[in-house]
Number of protein chains: 2
Amino acid sequence: MKKTKSPDRELSAEKAKAILDGAMREFLAHGYAATSMDKVAAAAGVSKATVYSHFQDKEGLFTALIQQLAQKKSVFNLQNIQSLEGEPSIVLRRFATGMLENVMTDPQILTLIRLIIGESGRFPELAQSFVRNIEKPTIEALSQYLASHPKLRLPDPEVASRTFIGALVHYIILQEMLHGEDILPLERDRLINSLVDLILGRSD
Amino acid sequence: MKKTKSPDRELSAEKAKAILDGAMREFLAHGYAATSMDKVAAAAGVSKATVYSHFQDKEGLFTALIQQLAQKKSVFNLQNIQSLEGEPSIVLRRFATGMLENVMTDPQILTLIRLIIGESGRFPELAQSFVRNIEKPTIEALSQYLASHPKLRLPDPEVASRTFIGALVHYIILQEMLHGEDILPLERDRLINSLVDLILGRSD
DNA sequence: GTCTATACCGCGATAGAC
DNA sequence: GTCTATCGCGGTATAGAC
């Protein structure tokens, strides 16, 4: 039961998905203000009225979309933060590699973060849910991992965790987001190796 | 000569300044797409046609404004990067304090960077000039300072410089730009102290 | 050089047929 | 639930008077 195809009943849900899909393309390509509801409707293959029957208004559609996207494609591949086990130099290297690989593989992540940062003044709750759902778990997981290795003698694991992640985020922003690869070049592997050594006190 | 007040001759320059001033208020408050040339003209106290007589179009006005602003109010107070002299722990602490103080004192800096990052997809040359004129000199100055102190035994001063600055930038983004102070609290002094110790290998 | 007035278009949102 | 058609407003940019 309920497995019987009932196209009419499913239409609504399918359209909702199509709308979010069209909204994704348009908002990611042009930003919030420069995106029109007409274009969203066209990209979704529905009429504008249908868009408004599924979402209250432009703000509602935008926030619903970004919330959904931020969960699906976090910068830090969230599976990997659960596999924080093993030798520090290996774990940190794997963490950094995974994060950078993740961004290079899927450029939409870059665009999404650009959007969240760019609209963080007008959509503070969106920015905060990014911090809460993405940054916080990642920083805390790495922080706890570092704290659970007394051999590292890190006086402040949380700041160490933030520093490690901050260096990677700053690298991504500079090289990819702000197009600085040619202006301030730095090889990925060199960053990762030197950064890991720096955090681990080059003594492990 | 030429010191004689000639109001008519100066009118144009004064208006240009007024236009940039109005444009600053509007663009910083609402972003690029959501800002109208009508509002800019009103904020500047001139007519819309006058705006178009001084700047080619909306893009031209925007890029001229951002270029000018980015030079005037850089995140890293650029005077301080020339005073990189003395003991490392003191110099680094002063550098970090100055940078954070700078951002907290003038919230427009935050808004400006939000704008540059947010529009870095559509205005890549603006982003690149930010990297070239602001980030690059800062990173290189700190990098050279660190390299000139062999006692620190930093195997890769450039990555150390980037890591130090990256941690501070990430802190600013998380706490202030994305409104994460209550979600992921961290005292400024604790960050600075732990970060300086981490970079200097807690052994100086 | 600077104004007023306007051309022309696209916006967000809704009413009403089906 | 979804469509077409439309309302009212505000957008960028310019023409022409002064």
Side-chain angles (χ1 to χ4, degrees), chain A residues 2 4-66 115 118-119 122-123 126, chain B residues 2 4-66 115 118-119 122-123 126:
Chain A
K2 278 217 167 164
T4 322
K5 274 276 189 66
S6 176
D8 293 292
R9 295 242 174 90
E10 303 292 328
L11 255 182
S12 184
E14 283 170 17
K15 300 240 167 174
K17 194 165 162 38
I19 292 168
L20 282 170
D21 227 64
M24 184 185 75
R25 280 200 295 277
E26 295 298 321
F27 279 126
L28 288 186
H30 308 111
Y32 176 75
T35 291
S36 74
M37 294 297 261
D38 288 77
K39 296 276 183 59
V40 170
V46 301
S47 77
K48 199 161 51 162
T50 301
V51 175
Y52 278 94
S53 84
H54 284 264
F55 300 91
Q56 199 187 10
D57 53 17
K58 192 180 175 183
E59 284 197 15
L61 174 57
F62 181 67
T63 52
L65 171 75
I66 301 299
L115 203 47
E119 299 298 337
R122 279 168 293 275
F123 294 91
L126 237 47
Chain B
K2 280 219 169 167
T4 321
K5 274 277 190 66
S6 175
D8 293 292
R9 295 246 175 86
E10 302 292 328
L11 254 182
S12 183
E14 284 171 16
K15 301 241 168 174
K17 194 165 161 36
I19 292 168
L20 282 170
D21 228 64
M24 183 186 75
R25 281 201 294 278
E26 295 299 320
F27 279 126
L28 288 186
H30 308 111
Y32 176 74
T35 292
S36 74
M37 295 296 262
D38 289 75
K39 296 275 183 62
V40 170
V46 303
S47 79
K48 201 162 47 165
T50 301
V51 175
Y52 277 96
S53 85
H54 283 264
F55 299 91
Q56 198 187 12
D57 53 16
K58 192 181 174 183
E59 284 198 15
L61 173 57
F62 182 67
T63 52
L65 170 75
I66 300 300
L115 204 47
E119 299 297 338
R122 280 169 293 276
F123 295 92
L126 237 46

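Labels below follow one simple rule: chain letters A, B, ... track the order of the sequence lines, proteins then strands, and each chain is numbered from 1. Computed from heavy atoms alone, side chains included, the values below leave out hydrogens, waters and symmetry copies. Values in this document were obtained by computation on a predicted structure and should not be read as measured data.
Considering only residues two or more places apart in sequence or on other chains, A:Ala34 meets the side-chain contact (heavy atoms from CB on, under 4.5 Å) condition with A:His30, B:Ala33. Contacts of B:Phe62 classified as ring-ring contact (aromatic ring centres under 6.0 Å, His included), with partners at least two apart in sequence or in another chain: B:Phe27, B:Tyr32, B:Phe123. The side-chain contact (heavy atoms from CB on, under 4.5 Å) test applied to B:Arg25 returns B:Asp21, B:Ala43, not counting sequence neighbours. Listed by chain and number, the residues in a ring-ring contact (aromatic ring centres under 6.0 Å, His included) with A:Tyr52 amount to none (sequence neighbours excluded). Remark: B:Ser47 pairs with B:Thr50 by the side chain to side chain donor-acceptor pair (under 3.5 Å) rule, at least two apart or across chains. Not counting sequence neighbours, the partners of A:Lys48 by the side chain to side chain donor-acceptor pair (under 3.5 Å) test are A:Asp38.
Defining each end axis of the helix from C:dG1-D:dC18 to C:dC18-D:dG1 as the rotation carrying four pairs' C1' atoms onto the next four, with five pairs an end, the two axes are found to diverge by 10° to 10 degrees.
Checking the phosphate oxygens (OP1, OP2) of C:dG1, no side-chain nitrogen or oxygen of B:Thr50 falls inside 4.0 Å.
A heavy atom lying under 4.0 Å from DNA chain D marks none of the residues of residues 18-31 of chain B.
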Which letter, B, S or -, goes with each nucleotide of nucleotides 13-18 of chain C from 5' to 3', with contact meaning a protein heavy atom under 4.0 Å?
BBB---

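Of the candidate nucleotides D:dG11, C:dT2, D:dT2, D:dT2 has the atom nearest to the side chain of A:His54. When each of C:dT2, D:dC3, C:dG12 is scored by its nearest atom to the side-chain atoms of B:Ser47, the top-ranked nucleotide is C:dT2.
Checked for salt-bridge contact, B:Lys17 and B:Glu14 miss the test: no charged N lies under 4.0 Å from a carboxylate O.
Contact of the A:Leu61 side chain with the A:Met37 side chain is registered, since non-hydrogen atoms from C-beta on lie closer than 4.5 Å.
Atom CG of B:Leu65 and atom CD of B:Glu26 lie 11.5 Å apart (nearest 0.5 Å).
Residue B:Glu14 contributes atom CD, which lies 13 Å from atom P of C:dG1 at whole-angstrom precision.
Residue pairs meeting the salt bridge (Lys or Arg N to Asp or Glu O under 4.0 Å) criterion with at least one member in residues 53-66 of chain A: none, sequence neighbours excluded.
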